[in-house]
**Q** 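Let me begin by handing over the structure; questions about it come next.
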Amino acid sequence: MTENNNDVREIVVPGEILTEDKNFVPGRGAIRQGNKIISIYIGLKNISGKFINVVPLRGKYRPEIGDSVIGKITDVSSVKWRVDINARDTAVLKPRDAMDVYDKRSQRGRGGGKSSREEEAETMKKFGLGDMLIAKIVAVDRVSDPTLTTVGESLGKINEGVVINVDVPKIPRIIGKKGSMIKLLKDFTTCRLFIAKNGLVWINGSSPELERLCIDAIRKIEREAHTTGLTDRIQYYIQEKKKERGLK
Amino acid sequence: MDAPMVVSTIQRKYVIDLLKKGKRADGRGFLDYREVKIQTNFIPKAEGSAEVYLGESFVITGIKYDIGTPFPDSPDEGVATCMTEFIPFASPMYESGPPDIDAIEVTRVIDRGIRHGDCIQYKKLCIKAGELVYILFIDMYVMNYSGNLIDAGAISAMAALLSAKLPTAKIVDGNAVWDGGYMTIPINQIPLSVTFGRIEDYIFVDPNMDEELVLDGKISFAINETGQITSMQKSGEASWTEEELIKYSKLAVQKVNDLRATLNLRQYIPKI
Amino acid sequence: MTILIPEDYPKTLINKDGKRIDGRALDELRPFKCKIGVLANAHGSAYVEHGKNKIYAGVYGPREVHPRHLARPDKGILRVHYRMSTYSVHERKSPAPNRREREISKIIEDALAPTLFLELYPNSAIEVFIQIVSADGGTRCASTTAASLALADAGLPMKSLVAGVAAGKADGKIILDCGDLEDKAGSADVPAAVRMIDEEFTLLQFDGEMNPEELEISMKYIKKGAREIYAAQTAAIKEKFDRIRQETEAENKIIEKETKKAEPKPVAKVEEKKEDPIEPVKETPAEPKPEPEEPTEKSEDNKEETK
């Protein structure tokens with residue numbers, strides 16, 4: 001590794017001593033153990049101010065309010081859907097969180113219209129077992145399962161394309177700074193993309209070859225997430241593969 | 001996702017839409033097999049062993065033996081039995097416990113392919129007719145599931161059998177005793193299997209995991225070196241026409257011949 | 001069960017030159033090798049070769065507990081399933097799970113649970129599956145080493161890696177890391193595993209005869225062996241990522257050259273100069289807890305319409 005590459009961060013392992021300097025404070029991914037600060041992950045060591053952090057390289061998704069996620073309906077009852085969101089617990093989607101705003105307004109406006117129970121029963125027909133959704137997390141706590149909504153811009157059922165699974169901590173890299181990597185992937189593969197916080201990526205392109213190219217590029221980002229110069233490399237990679245595979 | 005038991009509706013649609021265009025998600029043609037990687041004899045205490053990757057499907061098979069009594073209806077023949085275990089780390093769908101019905105099906109299909117394929121020369125595994133014969137155990141462990149375990153298992157079973165060395169026996173006071181030598185397992189023909197997946201009217205070889213999860217059905221053919229079909233298994237609810245069965249049995253013979261030539265499994269026979 | 005070649009144990013385990021039957025010094029480990037991320041589907045996985053032991057470990061979880069009644073409302077449970085392949089040993093092992101496997105699974109659970117933050121996963125289970133492909137003495141120790149690596153590979157927060165190794169006694173001498181024959185023909189076996197952060201013993205069994213002085217030597221040997229294994233565990237993890245880094249640096253140079261060649265019309269640069277490998281965490285928690293949170297990166301929302 002070259003001298004001037006001082007932003008190349010060290011890979012550390014669980015239990016590894018990050019510092020014994022008392023002026024530092026353990027941040028994320030680090031804990032104090034006696035007079036030392038140690039890592040609790042396989043990850044990248046990073047110092048910001050007096051905090052020492054370790055950014056993990058793999059790990060399971062932990063839902064947070066406001067996250068956009070991609071989920072799969074794994075169970076349907078008469079009053080709710082259960083949605084696998086790639087987290088420890090399956091999430092819950094209730095019909096009132098799946099009604100279109102338009103539906104709500106028009107139904108309510110009608111005198112003697114349907115009861116809310118009827119409305120909900122009607123809404124339950126919207127999604128079926130195995131359907132993939134883009135949803136937002138509206139509630140999470142330690143005791144109950146995460147709750148979702150599909151009401152909102154760009155939320156709802158996915159009707160086409162392909163969804164792949166990537167390492168959750170690498171999602172920020174696939175997005176890139178200010179969305180630079182997404183933009184690059186979209187511009188150079190012409191695929192449409194949705195990158196969800198829970199480690200799932202939706203891809204939809206005009207041909208399976210372009211979709212495959214996009215997936216290959218995402219796999220490369222995933223594998224090389226801990227390195228520098230990634231954006232340039234991905235651009236180069238896509239251009240080279242296009243030539244190699246005879247894609248426009 | 002963690003619960004692939006419920007297959008997503010777009011996954012099925014995605015696979016079918018591609019098939020309609022004559023394409024597959026991983027870029028293969030309908031009759032392209034995934035890459036096979038083989039390593040043999042890496043388990044010191046097994047008589048034979050093979051590690052086989054078919055794409056990302058990964059199977060480790062070992063051969064052990066025992067000296068036992070033959071079946072009464074074939075007193076001068078040795079015995080070979082197969083077993084398959086799906087290790088729970090191979091897929092989030094697997095659980096620990098006794099082999100489930102899929103593991104049993106994989107085992108039975110491979111077992112029949114070997115049993116009826118003029119493969120093992122059972123008579124040469126007889127030490128003393130009616131009393132002492134070799135009993136071979138072909139134990140297959142699925143380490144990673146990524147579709148088409150029957151073919152992957154069959155390749156690993158044959159590679160492990162071919163790589164094996166058995167101690168040879170003499171009879172002393174009516175007991176089998178090691179005479180200090182070794183032999184390879186006498187194998188005449190190498191049966192291999194080829195599996196076709198089916199979705200609607202689209203039929204393609206060597207389904208991978210994404211395809212297998214959305215299939216309507218599969219059909220496996222085990223075929224020996226003289227082009228004889230030695231085992232067949234239709235699974236899944238899809239039904240097949242007579243014309244299709246004839247067409248794909250012929251294609252299967254071709255595919256198995258190609259596979260056999262590529263793999264050249266006899267290279268794994270040890271020198272003794 | 002009859003087999004033609006019964007296992008044969010040597011009469012002496014230490015040669016006249018003081019070396020052991022495989023040529024090792026008394027306190028020398030067998031060759032050790034390990035790798036993480038070896039199984040495609042598992043959340044975390046590792047492969048360990050320790051002597052002729054060949055062991056795979058795979059991790060799933062935290063996930064829902066089956067059967068449900070095993071779940072605990074206050075913390076997660078760690079479940080280890082240690083299994084031997086039928087062909088891993090001299091005489092074929094019956095494929096059915098046995099009591100030895102159950103016991104070893106339990107002691108490995110006890111060895112690893114204190115390195116995890118199980119209180120973070122109420123009602124859930126972390127499951128570790130260990131498969132012995134080839135056995136060569138000391139499988140429980142090597143399995144602990146492998147399982148610890150697989151847990152780390154899964155990205156689960158951990159206080160420490162654990163390294164397993166046994167000591168033993170052969171021909172009156174204490175030896176480190178018994179091989180299969182030393183294990184079976186020796187007069188004592190002390191399988192152990194050490195939590196490397198504080199070098200405490202988290203797995204310990206004993207079988208045979210030793211006086212306390214000999215036990216003391218055994219402990220010293222075990223710690224020495226564990227340090228060497230830990231060094232190899234650490235090196236294997238770092239090497240994996242460093243190798244990718246080196247590859248990418250070579251690629252970066254090629255791109256740099258080609259970009260220069262393409263002057264005066266450089267490839268349309270997509271902004272950014274020096275990017276950070278994975279977004280660094282900007283805000284750090286005021287109260288640093290062992291909160292194993294994913295980095296809450298504040299990347300721009302990726303807005304995209306869907307169909």
Side-chain angles (χ1 to χ4, degrees), chain A residues 60-61 69-76 81-91 126-134 156-166 168 191 194 196 198-216 219 241 244-247, chain B residues 1-35 53 55-57 88-95 144-147 197 199-200 202 204-216 236-237:
Chain A
K60 206 149 176 142
Y61 170 64
V69 297
I70 294 178
K72 177 171 67 184
I73 295 178
T74 54
D75 193 22
V76 186
W81 294 279
R82 295 216 72 101
V83 186
D84 177 0
I85 55 164
N86 204 26
R88 184 187 69 188
D89 304 309
T90 53
K126 265 177 94 166
F127 307 130
L129 196 69
D131 280 354
M132 299 288 286
L133 308 173
I134 296 180
K157 181 171 153 180
I158 300 173
N159 291 313
E160 57 185 339
V162 58
V163 172
I164 63 164
N165 217 327
V166 300
V168 172
C191 291
F194 186 89
N198 61 336
L200 297 179
V201 179
W202 172 78
I203 300 148
N204 185 215
S206 55
S207 76
E209 286 78 11
L210 286 167
E211 284 169 340
R212 201 149 55 84
L213 178 63
C214 190
I215 293 170
D216 290 345
R219 293 291 176 223
K241 290 285 161 195
E244 204 181 296
R245 298 176 188 181
L247 298 172
Chain B
M1 284 220 166
D2 240 15
M5 298 80 132
V6 179
V7 176
S8 87
T9 40
I10 59 159
Q11 189 178 335
R12 186 177 159 89
K13 183 176 181 303
Y14 185 68
V15 172
I16 294 174
D17 286 351
L18 285 180
L19 292 171
K20 280 180 187 155
K21 293 179 193 156
K23 291 172 181 174
R24 294 168 77 175
D26 58 9
R28 285 186 289 159
F30 281 21
L31 294 178
D32 293 341
Y33 222 76
R34 285 174 291 175
E35 194 195 351
Y53 283 91
E56 283 192 332
S57 278
F89 59 46
S91 163
M93 295 182 285
Y94 298 168
E95 286 180 11
N144 193 67
Y145 165 68
S146 187
I199 302 178
E200 294 174 359
Y202 305 101
F204 44 89
V205 79
D206 182 24
N208 65 19
M209 179 167 64
D210 286 347
E211 291 165 341
E212 204 157 275
L213 293 173
V214 299
L215 284 179
D216 295 331
E237 290 176 13

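Just so we're on the same page: letters track the sequence lines, and every chain starts at 1.
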**Q** Please round to the nearest 0.5 Å and tell me the distance separating atom CD1 of A:I203 and atom OH of B:Y14.
**A** 7.5 Å
**Q** Measure across B:T9 and A:L129 and return the closest heavy-atom pair with its distance rounded to 0.1 Å.
**A** CG2-O, 3.8 Å
**Q** NZ/B:K23 to CD/A:E211 distance, rounded to the nearest 0.5 angstrom?
**A** 10.0 Å
**Q** Could you check whether atom CD of B:E200 has more than 12 heavy atoms from other residues, nucleotides or ligands sitting under 6.0 Å from it?
**A** yes
**Q** Checking side-chain contact (heavy atoms from CB on, under 4.5 Å) for the pair B:I10/A:V162: CA distance, chi angles, key distance, verdict?
**A** CA-CA 7 Å; B:I10 59 159; A:V162 58; over 6 Å; no
**Q** Restricting to non-hydrogen atoms, name the atom on B:S8 and the atom on A:M132 that form the minimum distance, rounded to 0.1 Å.
**A** CB-SD, 3.4 Å
**Q** Can you tell me if CD on B:E56 sees more than 12 non-hydrogen neighbours from other groups inside 6.0 Å?
**A** no
**Q** Hey, which of B:D210, B:V15, B:D17, B:D26 has the most heavy atom pairs under 4.5 Å with chain A?
**A** B:D26
